[in-house]
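See structure below.
Sequence positions, counted from 1, serve as the residue numbers for this chain. These numbers come from the heavy atoms of this one structure, side chains and all, not from hydrogens, waters or symmetry mates.
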Amino acid sequence: QVQLVESGGGLVQAGGSLRLSCAASGRTFSSYVMGWFRQAPGKEREFVAAISRSGSNTRYTDSVKGRFTISRDNAKNTVSLQMNSLKPDDTAVYYCAAGLSGRAYTTGGSMDYDYWGQGTQVTVSS
C-alpha cells in the first residue's frame, strides 16, 4: 500500500513557474515507477510525465517537453514536477501516481498505475 500526497499547486501567470511535489508513504518507494497526470475541466485525465524506478530515465508528453522536468529522490520518498514557461492550457488538476509494473513507464496509461494522490490544482492565467 502506498499513499501519495501532492503539494505545490496554485495560481500563476502565463510564463511563470511552479514546482509540484508528491510525498509517498511506505518503504518500497523505489520499487515504483512514478508518474504525473493532469485533468482539465471537461477533459479526460492525460499523461504528463513518468520517471523510472532509479530515476535514470524520464519521458514526457509532447506538449510539455522542454518545459517540465520530473525528478525523484528515493531516499526521501518524493517525486517532483518542475513546470516552467507555463501556459493557460496547462491549467488542470495534477495527480501523482505510482505503478509497480514497468508498463507504467512504457505506456503512460493511467490503468497501469496502482496508486493515486488526491490531486493539486494548477491554474495559469493569461
Side-chain angles (χ1 to χ4, degrees):
Q1 186 81 12
V2 176
Q3 291 186 326
L4 304 172
V5 179
E6 302 98 334
S7 61
L11 173 64
V12 65
Q13 289 188 331
S17 299
L18 279 175
R19 185 176 180 87
L20 304 183
S21 295
C22 174
S25 65
R27 293 176 288 181
T28 59
F29 178 72
S30 60
S31 299
Y32 292 87
V33 170
M34 299 301 297
W36 286 95
F37 289 74
R38 65 187 181 186
Q39 187 166 18
K43 295 187 178 181
E44 293 186 354
R45 188 172 298 188
E46 67 169 348
F47 168 79
V48 175
I51 189 165
S52 62
R53 297 178 182 90
S54 67
S56 59
N57 294 294
T58 58
R59 59 189 297 263
Y60 302 88
T61 192
D62 286 346
S63 62
V64 308
K65 284 180 181 176
R67 300 189 298 122
F68 290 11
T69 302
I70 188 172
S71 60
R72 68 188 296 164
D73 186 336
N74 286 342
K76 296 182 178 179
N77 284 12
T78 58
V79 60
S80 298
L81 186 69
Q82 177 67 42
M83 305 185 295
N84 299 328
S85 301
L86 283 161
K87 305 174 181 180
D89 284 350
D90 295 318
T91 295
V93 177
Y94 282 71
Y95 297 90
C96 171
L100 267 176
S101 169
R103 287 179 53 84
Y105 180 83
T106 56
T107 70
S110 59
M111 72 289 294
D112 292 316
Y113 286 81
D114 304 291
Y115 301 101
W116 294 82
Q118 82 288 350
T120 186
Q121 177 70 47
V122 171
T123 302
V124 184
S125 63
S126 57

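Here salt bridge (Lys or Arg N to Asp or Glu O under 4.0 Å) pairs that include residues 2-18, with residues two or more places apart or in two chains, number zero. Residue pairs meeting the salt bridge (Lys or Arg N to Asp or Glu O under 4.0 Å) criterion with at least one member in residues 47-59: none, sequence neighbours excluded. Applying the salt bridge (Lys or Arg N to Asp or Glu O under 4.0 Å) test to every pair with at least one member in residues 116-126, sequence neighbours left out, gives no pairs at all. Sorted by first then second residue, the salt bridge (Lys or Arg N to Asp or Glu O under 4.0 Å) pairs that include residues 89-117, not counting sequence neighbours, are Arg38-Asp90, Arg67-Asp90, Arg103-Asp112. A ring-ring contact (aromatic ring centres under 6.0 Å, His included) check over residues 42-101, counting only residues at least two apart or in different chains, returns the pairs Phe37-Phe47. Applying the disulfide bond (SG atoms under 2.5 Å apart) rule to pairs touching residues 41-83 yields nothing, sequence neighbours excluded.
Using modelled atom types, one side-chain atom of Tyr113 and one backbone atom of Ala104 make a donor-acceptor pair closer than 3.5 Å.
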Using residues 12-26 as the side-chain source, report each donor-acceptor pair under 3.5 Å to any protein atom, sequence neighbours left out, with the distance given to one decimal.
from	atom 1	to	atom 2	distance (Å)
Ser17	OG	Asn84	OD1	2.9
Arg19	NH1	Gln82	OE1	3.2
Ser25	OG	Gln3	N	2.9

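Taken together through direct or relayed side-chain contacts under 4.5 Å among Ile, Leu, Val, Met, Phe, Trp and Tyr, Ile70 and Val64 form part of one hydrophobic cluster. Transitive grouping of hydrophobic side chains (ILVMFWY, heavy atoms separated by less than 4.5 Å) keeps Tyr105 and Val2 in distinct clusters. One hydrophobic cluster, built from ILVMFWY side chains closer than 4.5 Å, cannot hold both Val93 and Leu86; they sit in different ones. There is no path of hydrophobic side-chain contacts, each under 4.5 Å, that joins Trp116 to Leu100. The hydrophobic clustering, which links ILVMFWY residues whose side-chain heavy atoms are closer than 4.5 Å, places Leu81 and Val124 together.
Here CZ of Phe29 is found 8.0 Å from CG of Asp73. Values are rounded to the nearest 0.5 Å. To the nearest 0.5 angstrom, Ser110 atom OG is 9.0 Å from Glu44 atom CD. Taken to the nearest 0.5 Å, the CD1 atom of Ile51 stands 8.5 Å off from the CG atom of Asn57.
Listed by chain and number, the residues in a side chain to side chain donor-acceptor pair (under 3.5 Å) with Lys65 are Asp62 (sequence neighbours excluded). Applying the side chain to side chain donor-acceptor pair (under 3.5 Å) criterion to Ser126, with sequence neighbours excluded, gives no partner residue. With sequence neighbours excluded, the residues that form a side chain to side chain contact (heavy atoms under 4.5 Å, CB included) with Ala98 are Leu4, Tyr32, Met34, Tyr115. Remark: Thr123 engages Leu11, Thr91, Gln121 in a side chain to side chain contact (heavy atoms under 4.5 Å, CB included) (not counting sequence neighbours).
The two atoms that bring Ser30 and Asn74 nearest to each other are CB-ND2, 3.6 Å, heavy atoms only.
Applying the under-4.5 Å side-chain rule to Ile, Leu, Val, Met, Phe, Trp and Tyr, the cluster around Met111 consists of that residue alone.
At least one side-chain heavy atom of Trp36 sits under 4.5 Å from a side-chain heavy atom of Cys96.
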